[in-house]
Amino acid sequence: MQLSLAVLPGDGIGPDVTAEAVKVLEAVGSRFGHDFRLDYGLVGGVAIDKTGEALTGDTLRMCRSAQAVLLGAVGDPKWDSNPGARVRPEDGLLALRKGLGLFANLRPVRVFPVLVDSTNLKPEVIRGADFIFVRELTGGLYFGRPKRQWRTSRGRRATDSMNYSEQEIERIVRVGFELALRRDKRLVSVDKANVLESSRLWRQVAMEVAGDYPDVELEHMLVDACSMRIIQNPTYFDVVVTENTFGDILTDEASMLAGSMGMLASASLAGVPQEGVSIFGMYEPIHGSAPRRAGLDMANPIAIILSVAMMLRYSFSLAREAQVLESAVDEVLEEGYRTYDIMAEGKVKVGTGRMGDLIAGKVAG
Ligand code: IPM
Ligand code: MG
């Protein structure tokens, strides 16, 4: 079977980890007889350097004609020191999410049993934590208008807007309920309804959608309380649905349960994932471009490799292949191999390429 994907390595460690994801994907292809056709494109800082735009029409068209998109990372400190820049690498990622209609960002958080002692948190608190965030990805503060900076006689001002329509809320909350149905049937909807009007609408719509899912228990939680609960009692959660900015912040926090940002995968989808139904999506690690580590063969490729597993499952309906890949990651960790970010005493430190080889080797069987 021929399967097509667009590959956008991006900036910093993006290309380093993407190369390993492709290596592992090819191992899946040769073991199971799939032919993956890869088309490479530019996004982020590398695209700005080359074309002046963070996302070109060509790259967007290439992504649209593929069955899935694999993305490394975007961002470069070159632009962080210039808040006045006309275009930024992150614009490319946001334009991709919006342009491809990827409103549902799934971010599983899992404490790997073998890494339970490698985090800054107490093993007895985090052991067994296994939940999934559903982050709204094409609305809220990131995209709301007005969004601008201007001068007044009393100095400069700036504004961002947190806007949501009931349709946008409904479709993302539905993804949360659908996932909860297939898990422990508990959905936490996170908002700031004690202060924000957009959150009050969010809460109302969540309650209305709940009527269609009598088997799922819906709980509303304020975002500040949620951030506390994530480190206080992470096993409490099953499925968490929330708006764009809250989801961005909470998932970085939650990644610490897994020991490193380098462990967490994500899928950005244009609809509800369903077993046996292939759905277009973009897959990327939740970590950033870590420019200081770029090109040093240091970065942990596990997050993007686990993102490939999500891609196999959701965009190619290859659940068995996804399972084999996830088990390969588990086995390599169990054998004691670690990249620098999850290194612990008595373990074997490896670089990006070796970690990719080890996982690809397990996949090959
Ligand atoms: C993420 C990242 C992005 C976001 C950045 C790079 C724009 O932090 O995917 O979580 O804020 O969504
Ligand atoms: Mg983030």
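When a ligand or atom number is given, it counts from 1 through the structure's own listing order.
Regarding atom 1 (C) of ligand 1, its nearest protein heavy-atom neighbour is Arg107 NH2, 3.3 Å. Residue, atom and distance of the protein heavy atom nearest to atom 2 (C) of ligand 1 are Asp248 OD1, 4.0 Å. Looking at atom 11 (O) of ligand 1, its nearest protein heavy atom turns out to be Tyr142 OH, 2.5 Å. The protein heavy atom nearest to atom 7 (C) of ligand 1 is Glu90 CG, 3.7 Å.
Between Trp202 and the choices Glu243, Glu168, Glu170, the side chain to side chain contact (heavy atoms under 4.5 Å, CB included) rule is met once, by Glu243.
Taking the ring axis of Phe32 as reference, the NZ or CZ atom of Arg320 does not stay both within 45° of it and closer than 6.0 Å to the ring centre.
Other residues, nucleotides and ligands contribute over 12 non-hydrogen atoms within 6.0 Å of the CD atom of Glu124.
Scored by the side chain to side chain donor-acceptor pair (under 3.5 Å) test, Asn244 finds Arg135 as partners (sequence neighbours excluded).
Under 3.5 Å, the side chains of Ser289 and Asp11 contain no donor-acceptor pair of N or O atoms.
For the ligand labelled ligand 1, residue Arg135 lies inside the 4.0 Å heavy-atom shell.
The pair Asp58-Arg61 counts as a salt bridge, with a side-chain nitrogen and a carboxylate oxygen less than 4.0 angstrom apart. Using a cut-off of 4.0 Å between Lys/Arg side-chain N and Asp/Glu carboxylate O, Arg183 and Asp130 are scored as salt-bridged.
Only protein atoms were considered; those of element N, O or S under 2.8 Å from the Mg ion (ligand 2) number 1.
A 4.5 Å side-chain heavy-atom check between Ser118 and Lys347 finds every atom pair outside the cut-off.
Nearest to atom 9 (O) of ligand 1 by heavy atom, out of Glu284, Met261, Arg88, Arg97, is Arg97.
Looking only at distances, no side-chain donor or acceptor of Arg107 sits under 3.5 Å from a matching main-chain atom of Ser255.
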